[in-house]
Undergrad: 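This is the structure I want to talk about, given as structure tokens.
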Amino acid sequence: MLEVNLIMARAAQAAKSFTRAAKWMQTTDFSKSVIISTAKNQHGHVFHGTCLGFQCSKIQPPLTNHHYHQLFRHGYKIREAQTNKAAESDTEHHYKGKPSQVWTRLSELTSQKLVLGMLVLVILIPNLRIYANDYGPVSSLSMLDHSPLYSSHFNDSLESLYEFYTNHGYKLLYLGVKDGCFSPPYISCDECTSSSQNSSMICSGLDPGVATFQQVYPLPSTGLDGKKQAEAKYRPSELLIATSDSGRSEAFFSIRQNITRGIQYDTGATVIILLILSAWSFFLSWDSNKLLIQPIEGMVRFVKELAEDPVSFAGKILPPTKGEEGKVMETRVVEAALIKIARLTKVALGDAGMDILSVNLKGTAFNPMIPGKKIRACFGFCDIRNFTDATECLQEDVMVFVNKIADLVHNKVVIYHGYPNKNIGDAFLLVWKKTISDAANKKRGSSFADRALRSFLDIIYSVETSQTLQAYAMHPAIQRRMPGYKIRLGFGLHVGWAIEGAIGSSHKVDPSYLSPHVNMASRLEAATKQYGVVLLLSETVVSNLTKSSLQDNCRRLDRITVKGSMEPMILYTYDMPMFQKDLVGNYSEYKRTFEAAVDDYIDGKWHEALDKLHWCQHLWPTDKPIEVLITFMASHKNMVPETWKGYRELTEK
């Protein structure tokens, strides 16, 4: 058994080595290699053959060492040229025959289970067999060969034979014995009877002329023919016919019970083998399922998840790989690549572009120009001040400078569930969509307008306190051009509707938002320079604020229309405490007075408005919105124009 197992193990190892050799021959230029063969003929002459690409030519006389050297150099150069040519024509040639980690692991597991399963079968199957080679019936009949028929010794032997059959479970159906026993020569014929030679106790031989078996069992007195009854009652396969070595006696035995038991054992053995094969098949398929089927199903599931919810899928994290250290299955690489593709798509296209990915994955055709959809959101524009001067001073470092600011802005926006959309050099378009939860959740401080304003406030504070950005501001070239320069950003916020979709063609698309409300946010950001503030809000933003602390610091500045829009709106700013250093007195009282001046200004009571504004200017001399209103009224000689409608038009973009 051990020898058989060792042979099988060696055969498995040899098969594995042969597979590797065959794979190597497939992946190398074996047919193009240079073969130097040397053969002797029957006379001792040496024939030198050079086989290149299986085209051989014999060279005579024998080559010298110099010729050998040149021949090897020539062959090496040919092979090197062919290798370089193949590498140029197929850059992936090196990887064609390299087995994947999945294939390697699966073949190893399959080989192990194959050898183990064969060993189990080799060991188990012999133990499940029933060997029916029973020589008892034949050898026992020899007891009747040495005594004359019905002699006392014969009868004693017959009794012993019956007892042997009974004790060992042999079911005797018929027993026949031939007569014609020769007496030994030392017994005289006078001592022999004329019938069956009963006087002799020993047979020296059998008369070959006697061919008929006399029935001994069942007893002749019963009148039954045991042989015929046995042949009639039992099938040939259920009978064991035994004949003594001398041919004097024969017996019929019933082996029906043994056959039934053998069938039962064979059935059990078959069931056990089937169970072993089923387990074997299960473990083999389990490896395939684990290494191939499950990863493929996982990839299909990944694609479905990506199509259903690209944004959430982009944030998916793969669990750590369980397996051999340093070995990553190719299926795992594909799963990770899908997540990376989703993340790259989100980074490249933004939230507005994820719908393009979702729609195209769900369908069979490629169509990046999907229809737009109408949304309501808070749109924000953010602009880097003095960017042109900074670009000329920083030169190559300007990209790092812009990306540092973009990273800070985008991170704050995402924290407050917003979406960065466009990066336009020194400006950023940012969006906070109004969701179903905004309408259902009335919790104060959680609306999309609250999130947008808080995001901008965090950005302003982070820019003011960032040591990294201040280091860029202190760049020698920048300080020479703009002494005392500090990084400042302008912000504009407006709430309205927009069409979200892809702009472009099948060659290039830019997912974005089209609406006059998006332009309004840009206009507000540009107006921050006129009003000398960092942040401007439209009245639609303030009306959607739910947090009281945010509302308390929003100050009404003016009532305006911007270029391209005829709808007047109230303009607000947000007074951050960090910018109130020059304020004398209480901010709430200052705010009430200033807003009262603005109301008088809108209502055409400019003299009352000027009185209040001068008082506010005394409390906060550096507050530029005061100067803006005073200057505007002065341009009309502090007289209300006849065409005054309670607002003014901002002509600058």
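Quick note: residue numbers are just sequence positions, from 1.
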Undergrad: Taking the six-membered ring for Trp and the full ring for Phe, Tyr or His, determine whether the centres of Y513 and W497 are under 6.0 Å apart.
TA: no
Undergrad: Could you walk me through whether S538 and T540 pass side chain to side chain donor-acceptor pair (under 3.5 Å), step by step?
TA: CA-CA 5 Å; S538 68; T540 56; 2.6 Å; yes
Undergrad: Using side-chain heavy atoms (C-beta onward) and a distance below 4.5 Å, is S462 in contact with K412?
TA: yes
Undergrad: Are any of the side-chain heavy atoms of K591 and E595 separated by less than 4.5 Å?
TA: yes
Undergrad: Are more than 12 heavy atoms, taken from residues, nucleotides or ligands other than H636, located less than 6.0 Å from that residue's NE2 atom?
TA: yes
Undergrad: Determine whether more than 12 heavy atoms belonging to other residues, nucleotides or ligands lie under 6.0 Å from atom CE of M576.
TA: yes
Undergrad: With a 4.5 Å limit on heavy-atom distance, are the side chains of V598 and D558 in contact?
TA: no
Undergrad: Begin with the C-alpha distance, continue with both residues' side-chain angles, and end with the deciding distance and a verdict on side chain to side chain donor-acceptor pair (under 3.5 Å) for D623 and Y590.
TA: CA-CA 11 Å; D623 188 22; Y590 175 84; 2.5 Å; yes
Undergrad: Hey, are the side chains of L408 and L469 touching, using non-hydrogen atoms and a 4.5 Å cut-off?
TA: yes
Undergrad: Is there a donor-acceptor contact under 3.5 Å from the side chain of S466 to the main chain of V463?
TA: no
Undergrad: Is it true that, when you exclude M474 itself, more than 12 heavy atoms of the residues, nucleotides or ligands shown sit nearer than 6.0 Å to its CE?
TA: no
Undergrad: To the nearest 0.5 Å, what is the distance between OG1 (T391) and CD1 (I384)?
TA: 8.5 Å
Undergrad: Is any NZ, NE, NH1 or NH2 atom of the basic residue among E392 and R481 found under 4.0 Å from an Asp or Glu carboxylate oxygen of the other?
TA: yes
Undergrad: Which atoms form the tightest heavy-atom contact between V409 and L489, and what is the distance?
TA: CG2-CD2, 4.2 Å
Undergrad: Compare all side-chain heavy atoms of L613 with those of H618 and state whether any distance is below 4.5 angstrom.
TA: no
Undergrad: Could you walk me through whether R385 and T528 pass side chain to side chain donor-acceptor pair (under 3.5 Å), step by step?
TA: CA-CA 11 Å; R385 299 290 170 80; T528 58; 2.4 Å; yes
Undergrad: Pair W615, W620 - check ring pair (Phe, Tyr, Trp, His ring centres under 6.0 Å), show working.
TA: CA-CA 9 Å; W615 185 82; W620 196 350; over 10 Å; no
Undergrad: Measure up the F401 and Y472 rings against each other and bin them: parallel (under 30°), tilted (30 to 60°), perpendicular (over 60°).
TA: tilted
Undergrad: Can you tell me how far the CE atom of M482 sits from the CG atom of N386, to the nearest 0.5 Å?
TA: 5.0 Å
Undergrad: Given H417 and F448, is the ring pair (Phe, Tyr, Trp, His ring centres under 6.0 Å) satisfied, shown in steps?
TA: CA-CA 9 Å; H417 308 291; F448 66 109; over 10 Å; no
Undergrad: Out of the candidates V541, L537, T573, D575, only one should pair with C554 under the side-chain contact (heavy atoms from CB on, under 4.5 Å) rule; please name it.
TA: L537
Undergrad: Is the closest basic N to carboxylate O distance between D552 and K547 below 4.0 Å?
TA: no
Undergrad: Would you find more than 12 non-hydrogen atoms of other residues, nucleotides or ligands less than 6.0 Å from Q395 atom CD?
TA: yes
Undergrad: Check step by step if side chain to side chain donor-acceptor pair (under 3.5 Å) holds for T622 and D582.
TA: CA-CA 7 Å; T622 58; D582 297 334; 3.1 Å; yes
Undergrad: Can you confirm whether L453 sits close enough to Y416 that some side-chain heavy atom of one is under 4.5 Å from a side-chain heavy atom of the other?
TA: no
Undergrad: Give, for atom OG of S515 and atom CD1 of I375, the distance between the pair rounded to the nearest 0.5 Å.
TA: 9.0 Å
Undergrad: Heavy atoms, side chains only, cut-off 4.5 Å: are L524 and F491 in contact?
TA: no
Undergrad: Closer than 4.0 angstrom, basic N to acidic O: yes or no for E464 and R488?
TA: yes
Undergrad: Looking at F594, I'd like to know if the NZ or CZ of R555 sits under 6.0 Å from its six-membered ring centre while staying within 45 degrees of the ring's axis.
TA: yes
Undergrad: Taking the side chain as C-beta and beyond, is there a heavy-atom pair between Y485 and D389 under 4.5 Å?
TA: no
Undergrad: Rounded to the nearest 0.5 Å, what separation is found between the OG1 atom of T561 and the CG atom of L571?
TA: 11.5 Å
Undergrad: Check the surroundings of atom OH in Y461: do more than 12 heavy atoms from other residues, nucleotides or ligands lie under 6.0 Å from it?
TA: no
